[in-house]
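Only one structure is covered here, and it is reproduced in the block below.
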Amino acid sequence: MTVRTRFAPSPTGYLHIGGARTALYSWLHARRHGGRFVLRIEDTDRERSTEASVRAILEGMEWLGLAWDEGPHFQSRRFERYREVVERLLASGHAYLCYCSKERLERLRAEQLARKEKPRYDGLCRDRTDPPPEGVQPVVRFRNPREGEVVVEDLIRGRVVFANAELDDLIIQRADGTPTYNLTVVVDDWDMGITHVIRGDDHLNNTPRQINIMRALGVEPPTYAHVPMILGPDGKRLSKRHGAVSVLQYRDEGYLPEALLNYLVRLGWSHGDQEIFSVEEMIRLFDIREVNKAASTFNPDKLLWLNHHYIQSSDPAHVARHLAWHMARLGIDTAGGPPLEAVVLAQRERCKTLKEMAERSRYFYEEPAGYEEKAAARHLTPESAPVLEALRERLAALEEWTPEAIHTRAVLPVTEALGLKLGKVAQPLRVALTGGTVSPPIDQTVALIGRERTLARIDRALDHMGTGA
RNA sequence: GCUCCCUUCGUCUAGUGGCCUAGGACGCCGGCCUCUCACGCCGGUAACAGGGGUUCGAGUCCCCUAGGGAGCGCCA
């Protein structure tokens with residue numbers, strides 16, 4: 001049987017870190033076994049589901065490169081099918097109509113809680129024989145077995161046993177005729193031929209109910225794998241208040257998708273001491289059965305380290321494509337300047353994110369808006385005027401405009417001629433060209449900025465210093 | 001409250017009864033390198049939740065305790 005997995009988010013927000021990891025594991029499991037990965041949007045709650053969320057989720061999945069083979073299927077378009085299954089359950093006696101009012105249920109719950117009992121439906125309508133109250137739109141409840149137990153052989157948790165006596169008769173269809181989650185999941189996983197349900201472990205407790213519904217339908221349940229949650233630094237479930245949790249937010253902050261993927265795959269899973277995994281390696285090595293049982297804490301520092309690793313070691317052309325996106329986002333026109341690939345090569349070891357790289361590469365394409373106060377005070381001094389003048393002269397005369405030529409024919413001779421240390425030459429020039437004290441090695445910086453701009457900026461700096469040019 | 005789940009450095013983890021004086025990675029600290037910022041390199045810091053068993057031997061198996069989490073909706 002070919003493996004079929006699915007990712008089934010509800011469109012009530014963005015694609016977050018936790019969901020992305022679940023999707024990744026699901027996708028990896030399908031890829032590893034040559035199976036199919038299905039995307040399903042669980043939008044039965046019309047109140048909370050939004051079109052914008054759907055778009056954000058799809059965009060996040062695409063950005064990560066988690067391509068789905070089928071879908072997206074929308075549950076909101078399958079109501080007829082769910083209705084049909086509910087009718088079937090009703091006809092076979094596996095479900096029944098319940099006329100209990102919300103008020104009664106609330107009261108019941110309150111009483112049970114007060115008695116320190118587990119709140120659950122008391123089954124009033126389960127065997128009801130008297131005529132139903134008039135004018136009440138009933139809900140449909142699943143008739144859960146009262147005895148026996150449900151055994152879940154979870155790929156991650158191992159064998160988990162639930163007593164049926166602990167389960168109550170859950171609502172599978174609302175009074176307005178719409179289906180509820182536990183019913184739609186069962187029907188969809190069945191209809192879509194899902195063989196492996198990989199999902200967050202907040203669903204572990206729902207699993208026995210779903211298995212019971214499947215049994216009532218005569219359907220063989222899929223294999224389950226409940227992955228642990230991701231926690232924030234405070235040990236609580238990762239959420240908005242912990243900062244960035246949306247996948248697209250990480251894109252915007254300058255992360256490479258492969259870095260996020262690598263971070264996520266290693267959060268809760270490992271392969272010996274290996275830290276770096278290409279997507280191909282993940283597919284080859286990932287085994288859902290090796291995923292940890294315990295929840296893990298999200299560590300932004302390690303993700304940042306991984307991002308830097310990928311910025312530094314990936315093909316510069318690839319990094320440049322992502323950098324282009326960030327440059328555009330900052331409104332920097334890169335048309336008249338150095339190729340982005342060259343900028344990546346020059347900047348990659350000092351930028352941990354692409355956003356940072358874009359922000360710190362502005363001077364390759366635009367004139368510096370001004371000089372950083374401290375930098376100018378320290379380096380654009382009367383003493384450095386001769387340095388800049390000498391540099392200007394030599395740079396202007398350079399035949400070859402390469403880092404090597406700039407270094408050996410301009411920078412170095414000037415330090416020697418004036419009897420200065422390299423720092424005394426490089427820093428004034430750096431401030432003149434970039435407006436600040438930080439940039440790639442000075443020869444590379446000069447080379448990238450280009451002769452024309454370099455000379456003009458030196459002139460401008462000399463002007464600024466009040467010595468004229 | 002009830003049910004279910006979890007527990008190795010601050011964090012992610014290796015570890016499947018002797019290879020563990022518990023390894024790697026991030027972070028942190030120190031050093032080297034150096035034109036700035038960085039990169040890189042070298043070194044250091046730091047953990048088996050607690051208690052009982054089983055065993056010649058336990059991080060690894062069993063039990064208890066403690067702590068943490070999830071679920072208990074006409075949400076998904």
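Chain naming here is simple, since letters A, B, ... match the order of the sequence lines and numbering starts at 1 in each.
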> Does C39(B) sit syn or anti, given that only angles within 90° of 0 count as syn?
Replying inline: syn
> Between V161(A) and D43(A), who's closer to the 5' end of RNA chain B by nearest nucleotide?
Replying inline: V161(A)
> Contact class for E117(A) vs. all strands (heavy atom < 4.0 Å): base, sugar-phosphate, or nothing?
Replying inline: base
> What is the nucleic acid contact for K236(A), judged by heavy atoms within less than 4.0 Å: base, sugar-phosphate only, or nothing?
Replying inline: sugar-phosphate
>> Ignoring hydrogens and geometry beyond distance, is the side chain of R430(A) in donor-acceptor contact with the base of C35(B) at under 3.5 Å?
In response: yes
> Ion pair present between D188(A) and R6(A), side-chain N to carboxylate O less than 4.0 angstrom?
Replying inline: no
> Measuring from F364(A):CZ to M327(A):CE, what's the distance to the nearest 0.5 Å?
Replying inline: 9.0 Å
> Considering the options F37(A), W269(A), F7(A), F286(A), which one meets the ring-ring contact (aromatic ring centres under 6.0 Å, His included) requirement together with Y25(A)?
Replying inline: F286(A)
> Which part of the nucleic acid does K293(A) contact within heavy-atom distance under 4.0 Å: base, sugar-phosphate only, or nothing?
Replying inline: sugar-phosphate
> Reckon T297(A) has a side-chain N or O less than 4.0 Å from the OP1 or OP2 of C12(B)?
Replying inline: yes
> Contact class for S270(A) (heavy atom, under 4.0 Å): base, sugar-phosphate, or nothing?
Replying inline: sugar-phosphate
> So is R78(A) actually on top of W190(A)'s ring, under 6.0 Å and inside 45° of the axis?
Replying inline: no
> For V185(A), which contact category applies under a 4.0 Å heavy-atom criterion: base, sugar-phosphate, or nothing?
Replying inline: nothing
> How does protein reach along nucleotides 26-33 of chain B, written 5' to 3' as B (base within reach of a heavy atom under 4.0 Å), S (only sugar-phosphate), or - (no contact)?
Replying inline: BS------
> Is NZ or CZ of R141(A) both nearer than 6.0 Å to the six-membered ring centre of Y121(A) and within 45° of the ring axis?
Replying inline: yes
>> Just to be sure I understand the rule, does H203(A) reach a base, reach only the sugar-phosphate, or reach nothing, if contact means heavy atoms closer than 4.0 Å?
In response: base
>> Are H326(A) and H322(A) an aromatic pair, judged by ring center distance below 6.0 Å?
In response: no
> Is there a donor-acceptor pair closer than 3.5 Å between any side-chain N or O of N144(A) and the backbone N or O of R209(A)?
Replying inline: no
> Is T44(A) touching bases, backbone alone, or none of the nucleic acid, heavy atoms closer than 4.0 Å?
Replying inline: sugar-phosphate
>> When you measure from the side-chain N and O atoms of S296(A) to the phosphate of U13(B), is any distance below 4.0 Å, counting only OP1 and OP2?
In response: yes
>> Pairing check on A22(B): which nucleotide meets the Watson-Crick or G-U wobble criteria with it, both distances under 3.5 Å?
In response: none
> Looking across every strand, which nucleic acid part, if any, lies under 4.0 Å from G268(A) by heavy atom: base, sugar-phosphate, or nothing?
Replying inline: sugar-phosphate
>> Looking only at the side chain of Q427(A) (C-beta and beyond, no hydrogens), which of the listed nucleotides A76(B), C6(B), U36(B) gets closest?
In response: U36(B)
>> Counting only side-chain nitrogens and oxygens, does T12(A) get under 4.0 Å of the OP1 or OP2 atom of A76(B)?
In response: no
> If you check the P441(A) side chain, which of G73(B), C39(B), U36(B) turns out closest?
Replying inline: U36(B)
>> Over all strands shown, is R48(A) touching base, sugar-phosphate only, or nothing at heavy-atom distances under 4.0 angstrom?
In response: base
>> Given the structure, check if the side chain of E275(A) and the base of G24(B) hold any donor-acceptor pair shorter than 3.5 Å.
In response: yes
>> With ring-ring contact (aromatic ring centres under 6.0 Å, His included) as the test, pick out the partner of Y263(A) among Y310(A), F298(A), Y255(A).
In response: F298(A)
>> Taking only side-chain N and O atoms of N292(A), does any of them lie within less than 4.0 angstrom of OP1 or OP2 on U13(B)?
In response: yes
> Does D202(A) make a side-chain donor-acceptor contact with the base of G71(B), cut-off 3.5 Å?
Replying inline: no
>> Applying a 4.0 Å non-hydrogen cut-off, can you work out what R266(A) is touching in the nucleic acid: base, sugar-phosphate, or nothing?
In response: base
> With a 4.0 Å cut-off on heavy atoms, is Y263(A) in touch with a base, just the backbone sugar-phosphate, or nothing at all?
Replying inline: nothing
> Which listed nucleotide (C35(B), U3(B), A76(B)) is nearest to the side chain of N206(A)?
Replying inline: A76(B)
>> Quick check against the 3.5 Å criterion: does H308(A) have a side-chain atom that pairs as donor or acceptor with the backbone of E349(A)?
In response: yes
> Contact class for P440(A) vs. all strands (heavy atom < 4.0 Å): base, sugar-phosphate, or nothing?
Replying inline: base
>> For the C1' atoms, the ones on A14(B) and on C26(B), what distance do you get once it is rounded to whole angstrom?
In response: 15 Å
> Looking for any heavy atom pair under 4.0 Å, which part of the strands does L204(A) touch: base, sugar-phosphate only, or nothing?
Replying inline: sugar-phosphate
> When all nucleic acid strands are considered with a 4.0 Å heavy-atom cut-off, which category describes Q274(A): base, sugar-phosphate, or nothing?
Replying inline: nothing
> Taking only N and O in the side chain of R237(A), is any of them less than 4.0 Å away from OP1 or OP2 of G69(B)?
Replying inline: no
> Among C6(B), C72(B), C39(B), which nucleotide sits nearest the side chain of P119(A)?
Replying inline: C72(B)
